[in-house]
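Below is one structure, written out as structure tokens, with a few remarks after it.
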Amino acid sequence: MGFVASFLIVYGVAGVVLGTAFAIAIGRCLHHQRRSQVAAYARSPSASPGAMREGFALLRGEVGAEDAAPDDAVIAVEIPCGGRPVPGATPGAWHTRARAFSLRLPSGASVRVEPASGRLTLDTTFVPASRGGALVYRSEVRPGDAIYIAGSVRREIDPSAAGKGYRDAAQAWVLRAPAHGNLCVSSDTVIAHHARRARFHRAWALALGAALTALHLGLFRAFHASVFGPLGPAGGIGIGPAALALFFVGAVALAYRTLAEQTSPWTELRVERPRTA
């Protein structure tokens, strides 16, 4: 009885650890793929306006030059870096400025971007700067910049354009933050990183899936045959093979986690928040 119990422990631990790693790899692959796959109508210069669809999408285009002066950013985010507070900003808080602007796609179509306060993320490079004597990390989007932006695309009535009557009101494509999440602006470098991370996790998902399959069709094959076969007690497994299975599973899962951390292109930035009296 104890032998069967120990076998079930090995079977459960190996299956859960390897299965969890496999599920994580798939989830991370889908996440990075979603963050790096531009909508088809935003990739091709020959895409027609009718190819645009409502829903979540990652778009790539150029910020309209008519939306602001060349030296005036349409989006600006500043992160305080401890020490003296940023003038005009809440201590310890991000300082964000954003205004509506147009995004011109390669096909020539235009999408109106409507940033909402508190629902905007800049997944771009932040550079150190000084504002009022305080050190901050700053990132800006200016007219003429080529950017990637992810959000919810919708077809809405355009109050700034005249239609042909109430039955044919002028409409425009608008990009806003999705119902659950933020409007995310990214640079070419960040999108390339997401694409590489998607390939990394996809390769590991295939490797972990193959390892999980080999484990169940090899070492645990007798157990599956006894459970799903006609009759007979559950097949056993020796101490040596059990230890080998646990070592194999632990080594594979640890290798995946270690390589995922070591090859990550992002570095965690801890922003110190000043203590209030």
When you compare the side chain of N182 with that of L120, does any pair of heavy atoms fall below 4.5 Å?
no
Ignoring hydrogens and angles, state whether a donor on the side chain of S46 or S44 is under 3.5 Å from an acceptor on the partner side chain.
yes
Say whether R197 and S264, considering side chains only, have a donor N or O and an acceptor N or O under 3.5 Å apart.
no
Is the closest side-chain heavy-atom distance between F200 and L259 below 4.5 Å?
yes
Whether the side chain of R104 engages the backbone of A109 through a donor-acceptor N/O pair (distance < 3.5 Å, no angle test) should be reported.
no
Would you check if the side chain of Q37 reaches a backbone N or O of L58 as a donor-acceptor pair within less than 3.5 Å?
no
When you look at L103 and I147, which way does the side chain to side chain contact (heavy atoms under 4.5 Å, CB included) test go after all the steps?
CA-CA 9 Å; L103 185 73; I147 62 171; 3.9 Å; yes
Would you please say whether a donor-acceptor pair under 3.5 Å links the side chains of R35 and H32?
no
Does V63 share a hydrophobic cluster with Y148, counting links as ILVMFWY side-chain heavy atoms below 4.5 Å and allowing steps through other members?
no
Taking salt bridge (Lys or Arg N to Asp or Glu O under 4.0 Å) as the definition, give me every residue that meets it alongside R28, ordered by chain and number, with sequence neighbours left out.
none
Side-chain contact test, heavy atoms from C-beta onward, threshold under 4.5 Å: evaluate it for L18 versus F22 and give yes or no.
no
Tell me whether the rings of W204 and Y256 are parallel (<30°), tilted (30 to 60°) or perpendicular (>60°).
tilted
Could you give the distance from CZ (R60) to CD1 (I191), rounded to the nearest 0.5 Å?
10.0 Å
Single-linkage hydrophobic cluster F101~V174, side-chain heavy atoms < 4.5 angstrom:
no
Side-chain ion pair, R154 and E54, N-O less than 4.0 Å
no
The test is side chain to side chain contact (heavy atoms under 4.5 Å, CB included); show your working for W173 and L59 and say whether it passes.
CA-CA 12 Å; W173 290 101; L59 306 181; over 6 Å; no
Could you check if a side-chain atom of Q33 sits within less than 4.5 angstrom of a side-chain atom of R202, using non-hydrogen atoms only?
yes
Could you give me the CA-CA distance, side-chain angles and deciding distance for V113 and L183, then say whether side chain to side chain contact (heavy atoms under 4.5 Å, CB included) is met?
CA-CA 9 Å; V113 181; L183 191 67; 3.8 Å; yes
For the side chain of R176 and the backbone of A116, is there at least one donor-acceptor N/O pair under 3.5 Å apart?
no
After noting the C-alpha distance and the side-chain angles of E156 and E114, does the key distance pass the side chain to side chain contact (heavy atoms under 4.5 Å, CB included) rule?
CA-CA 12 Å; E156 299 181 359; E114 298 280 354; over 6 Å; no
